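Here's the structure, in structure tokens; my notes come after.
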Amino acid sequence: MSSGRRMTRTVMGFGVLLALGRGPGELGGQTVTASEAFDPPTRVTLERLINEAKDADGWASVEAASRAGALAAMGRNRTTAAEGWLLVTRWARVLGENQRVFQDRWVAAMNSARLGHPHIILPEQVPDAAMSSVLSLESAVMFMADLDLSRVLFEALTPYDHLPTVLATLERLRLDAGDDFARNAQLALAIALVYDVPPPPDWPHGQVTETQLPRQLPSAGQAFAYWRDLYAGRKALHRLTTLTAMELKFVVDVVAGNQELAWARDNIRVPLDHLERTYAAVSYRVDRLEAGAMNWPGGRYTLPDILGSGGICVDQAYFASTAAKARGVPSLIFLGAGLDGRHAWFGYLDQSRRWDLDAGRYEAQRFVAGVARDPQTWGALNDHELQFLAEHFRLLPPYAQSRAHMWMAQEYLRSENLARAGTEARIAINHERRNVGAWEVWLAVLDGQKAPLVERESALREAARAFQRYPDLNRRFMKEVIAVLRERGQESAAENEERLLARKFQGTRSDLSIAEAAEAMARSLATDSLAGQQGVYRRILLTYGRDGGIDMLDRVIRPFVRQLAAAGQRVAALRAVQDARRILTVPDGSQFDGELALMERLLAP
């Protein structure tokens with residue numbers, strides 16, 4: 001209790017010292033000297049700036065002074081120093097924001113992305129105080145001076161992270177861990193980013209009830225203690241020093257408690273180079289599959305229970321993924337739709353620090369790419385993010401240069417200096433063409449300059465080429481190209497690009513091709529006559545759907561059939577199901593076959 005009271009006094013004092021700033025303005029006498037600017041910020045310098053802020057504009061003054069330091073460092077090509085001061089600029093901007101303003105923006109972002117769920121309970125009152133009131137002065141200085149922690153934090157942050165909770169968790173872990181915090185800062189950051197919002201009711205999968213598996217994360221302290229001791233005791237299959245928070249977030253996202261994790265650590269002894277065998281350690285329950293018992297039939301849903309009782313693919317994936325996390329291995333569950341049914345498998349970071357994303361995936365059944373959840377947001381994981389992590393290019397000097405220039409470009413963009421923002425963005429792109437943020441700044445500059453549409457189209461095509469090996473990013477930029485073509489009135493060219501884009505991934509990423517088909521079907525349902533909708537539907541089946549399987553059923557067939565039935569067009573709806581059965585590959589006795597048959601029975605006269 002006494003430590004809690006001390007922390008409260010420290011936090012209150014810090015919040016009063018650095019109240020919400022009045023906005024960017026004069027430095028108020030605050031400066032970063034040349035000798036300070038040419039090196040990364042130190043705790044001594046940061047403490048001086050913060051203490052001087054009480055006589056200036058609070059955090060706005062710290063923000064302006066650190067930005068000036070970054071400009072000075074970049075002018076001398078001191079990229080690491082510039083990046084350090086730019087990080088302080090970001091810290092100052094974050095810590096100076098009013099928590100109520102942040103909360104309103106966060107709620108709007110969550111609603112827009114449809115990430116809300118019943119487990120999220122909003123506070124009745126949000127403090128009318130700066131974000132800095134969450135941290136002690138000692139913590140703020142420590143975090144700001146830790147370039148590795150700051151880099152990962154600001155690269156990782158999304159509009160869906162509840163920042164007051166993230167910072168409060170970091171504060172609590174620093175106080176509890178003491179000297180252990182600095183050695184485990186990336187672990188603490190991973191926990192803070194994952195534990196800020198509770199997981200949704202259908203995570204890690206929806207085939208077990210909340211009574212059998214409560215969707216409740218352990219306390220941040222319990223999680224930190226388990227993995228800190230695991231890595232320190234060399235009982236983990238990876239070394240902590242090789243992992244950043246962006247990989248560790250796939251370790252700490254568990255609902256299993258420390259006792260259950262310890263059981264897996266001690267009893268599942270599969271080596272890292274054969275970790276995929278953990279999946280098959282759970283015997284497959286053919287009887288459940290044949291009976292259609294897709295939900296867990298037992299009482300508790302613990303790792304020992306799953307191993308003892310056996311399960312279907314989703315249980316195997318959950319067991320293998322959680323057992324991997326218990327041994328310090330980043331892992332995730334994939335849920336996918338294939339040619340004849342649905343399936344679940346898992347992925348993990350292997351001994352070469354490459355992601356093996358096919359553990360338990362049955363290639364013979366031609367399952368398309370599965371969907372995994374990002375534990376930081378509980379939304380769908382971006383495909384390219386795992387590829388980026390596996391390629392490690394963000395650990396190399398070219399990316400460090402690119403990142404610093406990108407952050408500088410973003411600062412210029414904030415101040416509406418479009419010319420300098422564009423110059424810095426192009427420098428960032430030239431250093432590392434896989435820097436997505438640099439491309440976003442460059443495109444924002446073109447928008448701000450009201451550049452001709454043909455120039456924007458050219459930039460978008462250049463970005464799409466830069467991400468040829470990353471289908472989701474390539475598709476994203478090409479979708480923007482198509483939108484620009486339509487804005488220019490080139491409807492035929494836009495439709496041709498859409499067809500090319502849909503076919504582009506048919507061999508390797510049929511899920512993306514089906515996504516294109518689903519968007520075309522949705523547009524037709526919103527605008528076309530019944531005859532037009534039927535024409536689009538049949539064209540999609542013939543062009544994209546032959547091997548689309550259940551994914552095509554879920555995203556194209558079922559929405560069309562439901563809309564027809566709701567409009568009283570039951571005969572047309574039944575014909576649509578029959579067209580699907582006639583045109584697509586539907587293995588006899590498969591789950592796909594069964595779901596089509598059920599739709600036919602429900603629509604029969």
Side-chain angles (χ1 to χ4, degrees), residues 106 109-111 113-122 156 158-162 165-166 169 190-220 222-223 226-227 245-258 260-261 264 279 282 294-296 298 300-303 305-306 311-326 329-337 342-348 357 359-360 369-383 385-386 554:
W106 179 78
M110 292 288 284
N111 288 338
R114 299 182 179 180
L115 290 175
H117 58 78
H119 287 178
I120 299 176
I121 301 175
L122 296 176
T158 73
Y160 321 114
D161 291 298
H162 194 259
T165 306
V166 171
T169 302
I191 293 169
L193 290 170
V194 172
Y195 288 37
D196 62 323
V197 175
D202 61 347
W203 179 85
H205 65 82
Q207 291 171 235
V208 58
T209 67
E210 290 206 54
T211 302
Q212 296 163 323
L213 182 69
R215 271 63 168 192
Q216 185 173 354
L217 296 165
S219 73
Q222 287 176 326
Y226 175 83
W227 280 290
M246 288 297 88
E247 292 159 322
L248 288 165
K249 71 180 182 180
F250 297 106
V251 173
V252 302
D253 58 328
V254 294
V255 290
N258 286 11
E260 191 176 347
L261 294 174
Y279 184 93
V282 175
M294 298 302 164
N295 291 335
W296 179 251
R300 301 181 310 165
Y301 195 70
T302 67
L303 300 183
D305 292 321
I306 296 170
I312 56 176
C313 59
V314 73
D315 308 311
Q316 293 174 310
Y318 171 76
F319 178 89
S321 178
T322 306
K325 297 175 193 295
V329 179
S331 65
L332 65 169
I333 296 174
F334 285 99
L335 303 177
R342 295 178 176 87
H343 187 50
W345 63 94
F346 85 111
Y348 66 94
L357 304 179
V371 175
R373 271 212 168 103
D374 183 345
Q376 186 178 338
T377 64
W378 305 114
L381 182 67
N382 290 327
D383 293 359
E385 184 57 33
L386 281 179
D554 291 339

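Bear in mind the structure is a predicted one, so any value in this text is a computation, not a measurement.
- Proximity of P218 to Y195: side-chain heavy atoms (C-beta onward) are separated by under 4.5 Å at one or more points.
- At least one donor-acceptor pair under 3.5 Å links the side chain of Q212 to the backbone N or O of G298.
- A heavy-atom distance below 4.5 Å is found between the side chains of F250 and L381.
- Atom OG1 in T169 sits 7.5 Å away from atom CG in D196 (nearest 0.5 Å).
- In this pair, Y301 and W296 present their aromatic rings perpendicular. The plane angle is above 60°, beyond the 30 to 60° band.
- A 4.5 Å side-chain heavy-atom check between V282 and Y318 finds every atom pair outside the cut-off.
- Residue Y348 comes nearest to V329 through the heavy atom pair CB-CG1, 4.1 Å, listed as atom of the first residue, atom of the second, then distance.
- What you find for L213 and P204 is that their closest heavy atoms are CD2-CD, 3.8 Å.
- Within a 6.0 Å sphere centred on CD1 of I121, other residues, nucleotides and ligands contribute 12 heavy atoms or fewer.
- Using a 4.5 Å heavy-atom cutoff, the side chains of V197 and I120 are in contact.
- In terms of modelled atom types and a separation under 3.5 Å, the side chain of Q376 and the main chain of K249 share no donor-acceptor contact.
- For the atom pair CG of L335 and CD of Q207, the computed distance is 8.0 Å after rounding to the nearest 0.5 Å.
- In this structure, R373 and D253 have side chains that are not in contact, with every pair of non-hydrogen atoms separated by 4.5 Å or more.
- Annotation: side chain of H205 is in contact with side chain of D315 (closest heavy-atom distance under 4.5 Å).
- Listed for the S331 side chain is a donor-acceptor partner under 3.5 Å among the backbone atoms of S321.
- H343 places a side-chain N or O within 3.5 Å of a backbone atom of G360 that can act as its donor or acceptor partner.
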Could you go through the salt bridge (charged side-chain N to carboxylate O under 4.0 Å, His left out) check for D202 and R215 one step at a time? CA-CA 8 Å; D202 61 347; R215 271 63 168 192; over 6 Å; no
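- The structure places NE2 of H162 at 9.0 Å from CE of M110, a figure rounded to the nearest 0.5 Å.
- The backbone N or O of T302 lies less than 3.5 Å from no partner atom in the side chain of E260, so there is not a single donor-acceptor pair.
- W345 places no side-chain N or O within 3.5 Å of a backbone atom of C313 that could act as its donor or acceptor partner.
- Looking at L217 and P199, their side chains come closer than 4.5 Å, going by heavy atoms from C-beta outward.
- How far OG1 of T322 is from CD1 of I306: 7.0 Å, rounded to the nearest 0.5 Å.
- When side chains are defined from C-beta on, L386 counts as touching L332, because their heavy atoms get closer than 4.5 Å.
- Ring pair F346/Y279 is parallel by interplanar angle, where below 30° counts as parallel and above 60° as perpendicular.
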Start with the C-alpha gap between W227 and V254, add the side-chain angles, then the distance that decides, and say whether side chain to side chain contact (heavy atoms under 4.5 Å, CB included) holds. CA-CA 12 Å; W227 280 290; V254 294; 3.5 Å; yes
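- Enclosure of atom CD in E210 by more than 12 non-hydrogen atoms of other residues, nucleotides or ligands within 6.0 angstrom is indicated.
- The line from CG of L261 to CG of N258 is 6.0 Å long, rounded to the nearest 0.5 Å.
- Using the six-membered ring where Trp is involved, H119 and H117 have ring planes that are perpendicular, over 60° apart on the 30 and 60° scheme.
- Atom CG in L115 sits 6.0 Å away from atom OG1 in T377 (nearest 0.5 Å).
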